[in-house]
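Note sheet for the following structure.
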Number of protein chains: 2
Amino acid sequence: MSAVRRIDELAPEPKKAEWLDTIIKGDCVAALDRLPEKSVDVIFADPPYNLQLGGDLHRPDQSRVDAVDDEWDQFDSFAAYDAFTRAWMLAARRVLKPNGTIWVIGSYHNIFRVGTVMQDLGYWLLNDIVWRKTNPMPNFRGRRFQNAHETMIWASRDKSSKSYTFNYEALKASNDDVQMRSDWLFPICTGKERLKNEDGGKLHPTQKPEALLARVMMASTKPGDVVLDPFFGSGTTGAVAKRLGRHFVGIERQDDYIEAASARIAGVEPLEDMDLAQMQAKRAAPRVAFGSLLDAGLMQPGTQLHDSKRRWSANVRADGTIAIGNEAGSIHRIGARVQGLEACNGWTFWHFEEEGSLKPIDSLRQIMRDNMQGVAA
Amino acid sequence: MSAVRRIDELAPEPKKAEWLDTIIKGDCVAALDRLPEKSVDVIFADPPYNLQLGGDLHRPDQSRVDAVDDEWDQFDSFAAYDAFTRAWMLAARRVLKPNGTIWVIGSYHNIFRVGTVMQDLGYWLLNDIVWRKTNPMPNFRGRRFQNAHETMIWASRDKSSKSYTFNYEALKASNDDVQMRSDWLFPICTGKERLKNEDGGKLHPTQKPEALLARVMMASTKPGDVVLDPFFGSGTTGAVAKRLGRHFVGIERQDDYIEAASARIAGVEPLEDMDLAQMQAKRAAPRVAFGSLLDAGLMQPGTQLHDSKRRWSANVRADGTIAIGNEAGSIHRIGARVQGLEACNGWTFWHFEEEGSLKPIDSLRQIMRDNMQGVAA
DNA sequence: CGCCTTAATGAATCCTAAA
DNA sequence: GTTTAGGATTCATTAAGGC
């Protein structure tokens, strides 16, 4: 059980080892401003949305808002919340790697303002995810629908960042081989998982279930990634990150939360590397050129290739192209041309004859890849 | 079958009989400005989503996705979209009765801006409702979660309006005697319900299902109420209003939509009063994904799975896949692979050890389903 | 007519490494 | 920064066509 370090005052330009897997005490904007730019892979944020933010609310003109003053009107309070949101989101964006992504969770009270600010700051929305609660609090007055969900926004740092982490294949495999949808079903955090205070009451009003964070991290991070939570609270982000072999950084203002989160995370046992291994994505598999099948002797020049229904046939040539009559080109281009399509995956389109039946040439590529295993790229 | 009147130029200060159950041609702000203030009970609005699509998108079979690229969905910037939204929402608010409510539907492209504008204008948000689609379009490139829902915002005119219509008891009775949640499950609009153009293609790119509108009206209107739709389109709001014994007003710019909506509504037969009560929600059998067993703590990463005769063993990984050596995949794919089969039901094939005997993992699925009782899948 | 196979399609911000 | 080319990617439902 390794203790969790706490940082009361982060030094300017700190080394990574100083802040990794720590909880930083303080205001989230001030702490974020001390962290190096482009240093975290994913941010998970559960910002407050009640307007009593302990005097931290400032109007856009920097005048301070008294959060319990009934006199300021609705517009003032929304503007103050927007300014607060803009401030921490801007600071968070500086810290995020160019291909990093951010998750923000909220309810209808604040999520629309959060989403608007995100778009205005240049974040590029990837999905909005609905957390459907199996056991939500009932509506007691019977004047509205039971508020049975919360909303998460998942966004990349920029419109142009395309290489963000998304473990599509693993998510699909874990979901009975159909792609993961934007609506997730989880129970709210109760029972032994819920941290209690000395009175036996709940320590934190909005502790999120670990299962929710686990799916977030399994979807959008790799083992060893750094996950930052600027509103650390009870430390769910840290606990799940540690269990899943990810690094965390938490920022939190309240001492009681920091203490509880530290103890909680210290008690977490990380999973074995073997259990954390990532399912190999096809698009990440080593590139195999069709010509290399000839080099390896798995395919001979002059072999006839056919599509699965033998509508078309092509001839393999010694230079790694295939030809139909006078037309020659890659397995992909010729496959596309015969079908009159823009594109075609030649590996799955073309087949060769073996023992009387047609087998896709992709099976030969698999043999190539198996042979390459253990050979440095 | 009563014809639907069309109004090309609404007179100033028109009598109610002039505009009730009509379709007004023109820009929605101009038309709204002609209607009397505080004259409609509920507004349902399906504004442009500002989709901001890039190039073409193709399905894996290379067919092209017919995208929403209509002129009315093009905006130069978020600011332009905000201005458009503020204008029509302000005009709509003048027309709404003090105890009236408004529904606005959108996706993550626009709904955050819509919600922000609503709050800024003084609308008081009552719920955000998630329309979960049973049959959404997949994500074809595997780069995001399948976008499987849209969001509706339900709001009253003012924070102070308390006497808005909400048929709590009727909804609860129609929902197996549990209160209606904020997540609703409906199929998208297809089949015979979908209006077609002369070419047999879809008449309108975003026609909403009648079931969705029916629940909206059953929840928030009384028979005889007036429902206004400022983006009338194919006239779903009018068709459902007429069927449910409510009045409608539609505003629409395009002649072809007005004509189709008129014919559609003229063919609607209003329900008998008696039948109005029994609008029932459809429930689906809950589908359980293997990964959700891990989420729920019923299965731990690192657990060994075996077939019933212990010929093969596999290791459960944290991402919800299982692995034998280097090969990882879903319970179904790995089960199929070890047997050399095309397919396999992993739920019945794989077992785990408990108290010395092997139990199928399907028994854990049953526990999940029991826990999920009452929550539509 | 029924049964089985194939095709079509829906509010979509949907690729990426190498040259 | 650009362009080029390899080659990876889909779920539920309706409707039409074949036999």
Same-atom distance (C1') from C:dT9 to D:dT10, integer angstrom = 11 Å

Looking only at heavy atoms, the pair that brings B:A261 and B:G233 closest together is CB-O, 3.9 Å

Derivation and outcome, ring-ring contact (aromatic ring centres under 6.0 Å, His included), residues A:W154 and A:Y164 | CA-CA 11 Å; A:W154 183 42; A:Y164 56 86; 5.5 Å; yes

Touch class at under 4.0 angstrom, heavy-atom based, for B:G54 against every strand present = nothing

Taking D:dT10, D:dG7, C:dA11 as options, the one with an atom nearest any side-chain atom of A:A343 is D:dG7

Distance-only criterion, 3.5 Å: show the donor-acceptor pairs between side-chain atoms of residues 60-67 of chain B and protein atoms not counting sequence neighbours.
unit_1, atom_1, unit_2, atom_2, d
B:D61, OD1, B:S63, N, 3.0
B:D61, OD1, B:S63, OG, 2.7
B:S63, OG, B:R59, NH1, 3.1
B:R64, NE, B:D56, OD1, 3.4
B:R64, NE, B:D56, OD2, 3.1
B:D66, OD2, B:K202, NZ, 3.4

Base, sugar-phosphate alone, or nothing: which one does B:T134 contact when heavy atoms must sit under 4.0 Å apart?
-> sugar-phosphate

Could you give the NZ-to-C1' distance, from B:K202 to D:dT13, as a whole number of Å?
-> 15 Å

What nucleic acid atoms does B:D66 come within less than 4.0 Å of, heavy atoms only: base, sugar-phosphate, or nothing?
-> sugar-phosphate

Atom-to-atom span, NE2 of B:H58 to P of C:dC15 - whole angstrom = 12 Å

Is B:T190 touching bases, backbone alone, or none of the nucleic acid, heavy atoms closer than 4.0 Å?
-> sugar-phosphate

Can you say whether the rings of B:F112 and A:F112 are parallel (under 30°), tilted (30 to 60°) or perpendicular (over 60°)?
-> tilted

Nearest-nucleotide check on DNA chain D, B:K192 vs A:A289; residue mapping nearer the 5' end is A:A289

Touch class at under 4.0 angstrom, heavy-atom based, for A:K159 against every strand present | nothing

Protein-nucleotide distance (B:Q207, atom CD; C:dA11, atom C1'), rounded to Å = 13 Å

Report yes if a donor N or O on one partner sits less than 3.5 Å from an acceptor N or O on the other, where the partners are the side chain of B:R144 and the base of C:dT13; otherwise report no.
-> yes

Just how far, in rounded Å, is C1' of C:dC14 from CG of A:D128?
-> 16 Å

Is the closest basic N to carboxylate O distance between A:E327 and A:R333 below 4.0 Å?
-> no

Start at the 5' end of DNA chain C and walk down; is the nucleotide closest to A:L126 or to A:K162 reached first?
-> A:L126

Answer yes or no: side-chain N or O of A:E169 and base N or O of D:dT9 forming a donor-acceptor pair under 3.5 Å.
-> no

Specify the separation, in whole Å, of atom CZ of B:R143 and atom P of D:dT9.
-> 11 Å

Given D:dT10, is OP1 or OP2 found less than 4.0 Å from the side-chain N or O atoms of A:Y168?
-> yes

Starting from P on C:dA11, measure out to CG on B:L57 and report it in whole angstrom.
-> 14 Å

Where the side chain of B:S63 is defined as all heavy atoms beyond and including C-beta, which of C:dT16, C:dA11, C:dT9 is the nearest nucleotide?
-> C:dT9

Stepwise ring-ring contact (aromatic ring centres under 6.0 Å, His included) test for B:Y257 and B:H204 | CA-CA 8 Å; B:Y257 294 158; B:H204 191 282; 4.6 Å; yes

Is A:H332 near enough to D:dG6 that one of its side-chain N or O atoms lies under 4.0 angstrom from OP1 or OP2?
-> no

Which is true for B:C189 with a 4.0 Å heavy-atom rule: it touches a base, it touches only sugar-phosphate, or it touches nothing?
-> nothing

If you draw the axis of the six-membered ring of A:F166, does the NZ or CZ of B:R144 fall within 45° of it and under 6.0 Å from the ring centre?
-> no

Could you check which of D:dC11, D:dA12, C:dA11 has an atom nearest any side-chain atom of B:V68?
-> C:dA11

Taking only Watson-Crick and G-U wobble pairs with both distances under 3.5 Å, what dot-bracket line describes DNA chain C, where [ ] shows pairs that cross earlier ones and | shows pairs with another strand?
-> .|||||||||....|||||

Length of the line joining A:R311:CZ and C:dT6:P, which is rounded to integer Å = 11 Å

Have a look at B:N139 and say if it touches a base, only the backbone sugar-phosphate, or nothing, with a 4.0 Å heavy-atom cut-off.
-> base

Looking across every strand, which nucleic acid part, if any, lies under 4.0 Å from B:P47 by heavy atom: base, sugar-phosphate, or nothing?
-> base

Would you say whether B:F140 stacks on C:dC14? The test is a distance between ring centres of less than 5.5 Å and an angle between planes of less than 30°.
-> no

Answer yes or no for A:R215 and A:W184: cation-pi contact, defined as NZ/CZ to six-membered ring centre under 6.0 Å and angle to ring axis within 45°.
-> yes

For C:dT5, measure the glycosidic angle (O4'-C1'-N9-C4 for a purine, O4'-C1'-N1-C2 for a pyrimidine) and name it syn if it falls within 90° of 0, otherwise anti.
-> anti

OP1 or OP2 of D:dA8 less than 4.0 angstrom from a side-chain nitrogen or oxygen of A:N345, does that happen here?
-> yes

If only side-chain N and O atoms of A:K282 are considered, is one of them under 4.0 Å from the OP1 or OP2 phosphate oxygen of D:dG7?
-> no

Answer with base, sugar-phosphate or nothing: what part of the nucleic acid does A:R365 contact at a heavy-atom distance below 4.0 Å?
-> sugar-phosphate

With A:R93 as the cation and A:Y123 as the aromatic partner, state whether NZ or CZ is under 6.0 Å from the six-membered ring centre and within 45° of the axis.
-> yes

Is there a side-chain contact between B:P47 and B:W72 (heavy atoms, below 4.5 Å)?
-> no

With a non-hydrogen cut-off below 4.0 angstrom, is B:D46 in contact with a base, only sugar-phosphate, or nothing?
-> base

Taking the same atom, C1', in D:dT9 and in C:dT16, what whole-Å distance lies between them?
-> 14 Å

Phosphate-side-chain proximity, B:Y108 and C:dT13, N/O vs OP1/OP2 below 4.0 Å | yes

Consider only side-chain N and O atoms of B:Y81 and B:N110, and report whether a donor and an acceptor are under 3.5 Å apart.
-> yes

For C:dC1 and D:dG17, measure between their C1' atoms and round to the nearest Å.
-> 15 Å

The side chain of B:A67 lies closest to which of these nucleotides: D:dA12, D:dG6, C:dA12?
-> C:dA12

C1' atom, C:dA11 versus D:dA15: distance in rounded Å?
-> 23 Å

When the distance from CD1 of A:I334 to P of D:dA5 is rounded to whole Å, what number comes out?
-> 13 Å

Base, sugar-phosphate alone, or nothing: which one does B:G55 contact when heavy atoms must sit under 4.0 Å apart?
-> base

Parallel, tilted or perpendicular: rings of B:F248 and B:F232 (30°, 60°) = parallel

Quick one: which of D:dT9, C:dT13, D:dC11 gets closest to the side chain of B:N147?
-> C:dT13

Indicate, with a heavy-atom threshold strictly under 4.0 Å, whether B:W72 touches base, sugar-phosphate, or nothing.
-> base

Closest to side chain of B:P138, choosing from C:dA12, C:dG10, D:dG6 = C:dG10

Between C:dT13, C:dG10, C:dA11, which nucleotide has the shortest distance from any of its atoms to the side chain of B:F78?
-> C:dT13

Answer with base, sugar-phosphate or nothing: what part of the nucleic acid does A:L125 contact at a heavy-atom distance below 4.0 Å?
-> base

Using the C1' atom as the reference point in each nucleotide, state the distance between D:dG7 and C:dG10 in Å, no decimals.
-> 26 Å

Check: C:dA11 base within 3.5 Å donor-acceptor of B:K208 side chain | yes

